[in-house]
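The block underneath contains the structure these notes are about, expressed in structure tokens.
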Amino acid sequence: MDEEMNQKLEWLEAQKIEISVDLFAAAKQQLLFLAAVDRNRWLYDGPALERAIYRYNAYWLPLLAKYTESSSICEEPLVPPLDCEWIWHCHRLNPVRYKTDCEELYGRVLDNSNVLSSVNGTCKSLTETLWGRLYPTEPYDLDLDKSMSKTEEKTTTYDLVSAVKRQCPFYYQVSRPHVDNEVFLQEAVARYKAFLYLIKRNRERSVKLFCVPTYDIDLIWHTHQLHALSYCKDMTEMIGKVLEHDDTDSDRSKGKKLDTGFSGTTALWEETFGVRYWKAGAMNRGNTPKAVTASPYGFLGKKLTAEEDVVVIESPEVQVIEVILEIVGVKNLPDAYKGKVFVVFSKTQPDSLFNAERKLSILSESCGEKMVAMFKCEPTGELRFQLMSSKSRILGLASLSLSEFLFPVSTLSVEKWLELTTPGKKGKGISLRVAVSLTPPIPSPTVLHMVQTRPSLKDSCFFPLVGKARLAKMFTRVVDENETEVMSLQMRNSNDAAPRGDARQVVGVKGSGGSYVLAEYNGSYWSLLDSKWSLKQRRSHETDGALFEIMGERMVKVYSGRKLEYEPKHCVKHRSEQDSFMTAVEFSKEHPYGKAVGLLDLKSGSFEANEGWFVLLGVVSAFILSDLLKKEGSFVAAKETVEGNVIKEETEVLTDQVKLEEETMMNVDVTTPVEVEAEKINDAAKCYSSELNASTRCGDGCGVKSGKMIEEEGGHCGGCGGCGGCGSGCSGGGGRCGGNGMTKSSGCGGGSCPGGSCGNCSGGCGNMIKNNANEDVPVAPEALNDAVTA
């Protein structure tokens with residue numbers, strides 16, 4: 001207990017570190033700014049980046065120096081142009097070099113104390129006036145058509161192009177919905193102070209360690225550095241010098257600086273404070289997904305009437321959280337069981353995301369082998385823990401309520417002793433030390449499954465129906481993850497008095513018996529939902545790679561394969577199955593480079609929608625696309641047939657479809673549950689959104705021995721991912737590289753590190769593991785060493 005008390009006192013001491021910036025508010029501002037830059041990705045590379053660097057050196061810094069001198073300080077804040085602010089942002093994230101450059105060029109550190117960010121956009125008129133007075137031939141906003149004249153201003157020799165490229169991937173790592181949650185950010189500020197405390201403590205004890213932050217800490221560290229004068233003052237008072245922020249190293253190979261630094265930081269943190277260093281929602285997400293387009297598209301949409309859709313898909317509102325769990329220790333354990341126990345954990349209220357029992361070793365009973373479980377679940381019920389002997393005897397039970405911390409969100413990390421209850425046993429009970437980290441609840445994507453059923457035979461007299469008459473009898477049930485039917489869909493011929501040969505309709509039937517026309521094909525495109533939307537094939541000469549386009553109040557393009565958030569990253573199996581998936585990507589002013597809003601698995605008939613407005617629209621579109629693209633029997637063959645200018649609905653194709661549907665019907669067991677299909681879409685859609693999707697390492701240095709991890713549905717693929725790291729100090733420790741384990745659904749596992757390069761780590765594909773409390777879950781070395789930041 002003395003050790004635990006000392007660790008708590010160390011944490012309290014760390015929180016006394018004084019920082020002269022409101023890091024909480026400033027971090028929120030930084031997230032807004034990074035989002036604005038990400039909407040203008042031309043600032044990441046090419047001529048625009050070169051021009052922005054020129055304008056920053058030649059115009060912004062001189063203006064800032066002139067009008068922040070005490071003799072000519074402005075009454076109103078200055079507002080930099082977005083391009084100049086982005087370069088300034090990246091320059092300041094090398095605080096030592098920025099300080100040196102400013103003092104050499106201007107005699108003092110140029111600060112942002114009288115500067116507002118360009119994303120505020122309310123007070124820039126004064127700056128525009130001053131800019132025009134100083135630079136009459138250079139527009140305030142970036143104009144690439146203007147030629148760059150030679151400047152007489154002295155400029156830094158710092159490689160700003162490389163600095164920008166190192167910072168480009170950072171926003172992806174901190175752009176998730178929970179990051180700007182108040183509790184998450186408040187805890188991030190506290191963890192940043194603890195991070196600085198370790199650095200200060202190391203310097204006082206002459207301990208050389210390159211401290212590597214998790215992404216929540218790094219976000220706050222970046223925020224602090226953006227206030228250059230405050231950062232210099234705070235760091236000098238704390239450690240006697242400006243703390244370096246080294247983001248130049250991106251090598252995560254075994255034994256390299258980032259690898260050993262993170263292992264050492266983890267061990268030192270847990271030894272000093274007695275709490276885990278990992279944090280849900282703050283670990284490495286892997287590489288930034290490849291963009292679907294290089295050119296922004298800011299679609300504004302067409303205004304629609306306020307009429308509500310006649311048909312509404314009613315599904316329960318489900319929330320989801322991410323959980324990291326570790327069993328740290330056990331006390332009062334009888335000697336006969338020492339080294340021979342493990343924990344089986346589950347949920348008292350199983351849900352569609354997590355409904356199994358899983359096994360975890362105990363850190364203190366496994367010779368230092370660290371095993372961490374990562375999974376997604378609904379924020380309901382309790383986590384239930386069973387302490388088991390090696391002979392599967394239950395030694396005690398305990399539970400931890402999820403809702404206690406999440407409604408309202410009060411804390412996102414818990415590490416405590418839980419006393420076990422043992423039926424019929426008296427005296428001092430056994431206790432488990434459990435560490436749990438959670439993300440704030442966010443809405444869960446809507447997952448639906450299209451299940452084709454056989455037509456009614458009561459009117460057929462058992463004679464086979466042929467052609468369009470048979471086709472009209474076919475229908476598809478749309479069910480949710482609980483296998484509850486939400487509607488049925490039928491593809492049928494138009495009911496027009498004189499229908500054309502290619503005129504077709506999609507009809508929806510609700511459980512109440514009402515039927516509605518949800519889509520009509522007019523020969524060149526589909527009109528959806530009372531003509532509010534249109535679905536058409538893209539013309540073959542359009543080169544952005546989209547196969548189809550959905551237009552209405554919003555713009556959605558449909559691409560082959562998994563894109564953006566659904567990108568398969570390192571999973572070989574999922575990469576090979578790309579052709580059976582389609583991704584719906586929305587383009588808007590807020591997301592000019594696209595945001596994935598839906599995923600269709602043509603093979604299983606499953607569909608996921610990330611946005612409520614896309615559920616009904618997406619289901620109808622997915623039904624039509626499935627009908628169209630499966631005509632040739634495979635998606636690859638179908639892709640080759642859709643390169644014309646319109647969707648082809650010719651009579652011979654219909655005949656082929658009827659044959660295919662008849663063959664399918666003969667082999668369909670309508671009683672088969674949709675569980676397997678649900679697992680496929682959940683794995684496809686959620687596997688790659690996991691933050692810890694890097695292959696793992698566990699080092700023998702700095703007290704961190706080999707470790708393992710479990711991942712549940714929604715876990716990650718092998719591969720280190722990420723684009724470098726940042727830290728401070730000197731390297732130490734050691735480690736080795738391994739792969740990731742996945743349980744439930746055909747996920748990714750068995751990673752390896754070819755050539756020892758973590759940038760090339762990859763994972764194989766594991767099989768679904770059946771629920772069995774006594775079954776060993778596939779595990780792999782610890783993933784947490786890849787949680788370094790950029």
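Since the model is a prediction, treat every value here as computed from it, not as a measurement. Side chains included, hydrogens not; waters and symmetry mates left out as well; all remaining heavy atoms used.
- The distance from the OH atom of Tyr231 to the OG1 atom of Thr223 is 12.0 Å, given to the nearest 0.5 Å.
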>> Working note: Leu64 + Trp88, criterion side chain to side chain contact (heavy atoms under 4.5 Å, CB included); need CA distance, chi angles, decisive distance, verdict.
In response: CA-CA 11 Å; Leu64 179 64; Trp88 193 29; 3.6 Å; yes
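- Within the 4.5 Å cutoff, the side chain of Val409 has no heavy atoms near those of the His178 side chain.
- Panel note: side chain Tyr98, backbone Leu110; a donor-acceptor pair is recorded below 3.5 Å.
- Leu43 places none of its side-chain heavy atoms less than 4.5 Å from the side chain of Leu49.
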> How far apart are the C-alpha atoms of Asp83 and Arg51, what are their side-chain angles, what is the distance that settles it, and do they pass the side chain to side chain contact (heavy atoms under 4.5 Å, CB included) test?
Replying inline: CA-CA 9 Å; Asp83 62 312; Arg51 179 77 183 188; 5.7 Å; no
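- Scanning all heavy atoms of the two residues, the minimum distance from Tyr67 to Leu78 falls at CB-CD1, 4.2 Å.
- Shortest non-hydrogen contact noted between Gly261 and Leu209 is O-CD1, 4.3 Å.
- Within the structure, salt bridge (Lys or Arg N to Asp or Glu O under 4.0 Å) contacts touching residues 93-102 (residues at least two apart or in different chains) are Arg97-Asp101, Lys99-Glu103.
- Between the side chain of Arg108 and the backbone N or O of Ala65 there is at least one donor-acceptor pair closer than 3.5 Å.
- Ser117 places no side-chain N or O within 3.5 Å of a backbone atom of Asn120 that could act as its donor or acceptor partner.
- Glu567 contributes a side-chain N or O that, together with a main-chain N or O of Lys290, makes up a donor-acceptor pair within less than 3.5 Å.
- With sequence neighbours excluded, no residue satisfies side-chain hydrogen bond (donor to acceptor under 3.5 Å, both in side chains) with Tyr135.
- Salt bridge Glu138/Arg55: present, at least one basic N to carboxylate O contact under 4.0 Å.
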With a 3.5 Å cut-off and sequence neighbours excluded, list the donor-acceptor pairs that the side chains of residues 16-26 form with protein atoms.
from, atom 1, to, atom 2, distance (Å)
Lys16, NZ, Glu13, OE1, 3.4
Ser20, OG, Asp234, OD1, 3.0
Ser20, OG, Asp234, OD2, 3.1
Asp22, OD1, Phe24, N, 3.4
Asp22, OD1, Ala25, N, 3.3

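- Taken to the nearest 0.5 Å, the SG atom of Cys232 stands 9.0 Å off from the NE2 atom of His224.
- Among all heavy-atom pairs drawn from Ala280 and Phe184, the shortest one is O-CE1, 3.7 Å.
- Looking at Glu204 and Lys200, a side-chain N of the basic residue comes within less than 4.0 Å of a carboxylate O on the acidic one, giving a salt bridge.
- Here CD1 of Ile199 is found 11.5 Å from CD of Glu244. Values are rounded to the nearest 0.5 Å.
- Judged purely by atom type and a 3.5 angstrom limit, Asn112 has no side-chain atom pairing as donor or acceptor with the backbone of His227.
- Around the CD atom of Glu182, the shell of radius 6.0 Å holds no more than 12 heavy atoms that belong to other residues, nucleotides or ligands.
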> Which is it for His89 and Trp86 under the ring-ring contact (aromatic ring centres under 6.0 Å, His included) test, yes or no, and what are the steps along the way?
Replying inline: CA-CA 5 Å; His89 175 100; Trp86 170 233; 5.6 Å; yes
>> Lys8 vs Glu4, test: salt bridge (charged side-chain N to carboxylate O under 4.0 Å, His left out). Steps then yes/no.
In response: CA-CA 6 Å; Lys8 290 180 180 178; Glu4 288 184 29; 5.3 Å; no
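- Taking the six-membered ring where tryptophan is involved, the planes of Trp269 and Phe273 are perpendicular, since the angle between them exceeds 60° and thus also 30°.
- One distance of note links NZ of Lys279 with OG1 of Thr214; it measures 8.5 Å at 0.5 Å rounding.
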> Can you list the steps and then say if Leu196 with Leu243 is a side chain to side chain contact (heavy atoms under 4.5 Å, CB included)?
Replying inline: CA-CA 9 Å; Leu196 293 180; Leu243 180 63; 3.9 Å; yes
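- Closest approach of Ala194 and Trp11 over heavy atoms only: CB-CZ3, 3.5 Å.
- Remark: the backbone N or O of Tyr172 is paired with a side-chain donor or acceptor of Arg285 at under 3.5 angstrom.
- Between Asn114 and Glu76, the closest side-chain pair of non-hydrogen atoms is not below 4.5 Å.
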>> Is there a side chain to side chain contact (heavy atoms under 4.5 Å, CB included) between Arg176 and Thr439? Walk through the geometry before answering.
In response: CA-CA 10 Å; Arg176 304 175 67 190; Thr439 58; 5.7 Å; no
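- Rounding to the nearest 0.5 Å places CG of Asn57 at 13.5 Å from NZ of Lys154.
- Nearest heavy-atom pair across Arg41 and Ala291 is NH1-CB, 4.0 Å.
- Under 3.5 Å, the side chains of Thr272 and Glu10 contain no donor-acceptor pair of N or O atoms.
- You'll find the side chain of Asp38 stays beyond 4.5 Å of the side chain of Leu34, heavy atoms only.
- Ser437 places no side-chain N or O within 3.5 Å of a backbone atom of Ile324 that could act as its donor or acceptor partner.
- Shown here for Thr137 and Pro139, the closest heavy-atom pair between the two residues is O-CD, 3.8 Å.
- Salt bridge annotation for Arg276-Glu270: present, with a cationic side-chain nitrogen under 4.0 angstrom from a carboxylate oxygen.
- At a threshold of 4.5 Å between non-hydrogen side-chain atoms, the residues Tyr59 and Cys84 do not count as touching.
- Atom OH in Tyr171 sits 11.5 Å away from atom OG1 in Thr288 (nearest 0.5 Å).
- With no hydrogens or angles considered, no side-chain donor-acceptor pair links Arg191 and Ser413 at under 3.5 Å.
- With Gln173 contributing its side chain and Gly286 its backbone, the two residues share a donor-acceptor pair below 3.5 Å.
- Leu219 places a side-chain heavy atom less than 4.5 Å from the side chain of Leu31.
- With a 4.5 Å cut-off on side-chain heavy atoms, Trp278 and Met374 do not count as touching.
- In this structure, the side chain of Arg133 does not engage the main chain of Thr129 through any donor-acceptor pair within 3.5 Å.
- A heavy-atom distance below 4.5 Å is not found between the side chains of Phe405 and Ile321.
- The backbone N or O of Ala36 lies less than 3.5 Å from a partner atom in the side chain of Asn40, making a donor-acceptor pair.
- Taking the six-membered ring for Trp and thresholds of 30 and 60 degrees, Tyr215 and Phe170 have ring planes inclined between 30 and 60 degrees apart.
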> So Phe262 and Tyr277, ring-ring contact (aromatic ring centres under 6.0 Å, His included) or not? Walk me through it.
Replying inline: CA-CA 10 Å; Phe262 188 80; Tyr277 188 47; 5.6 Å; yes
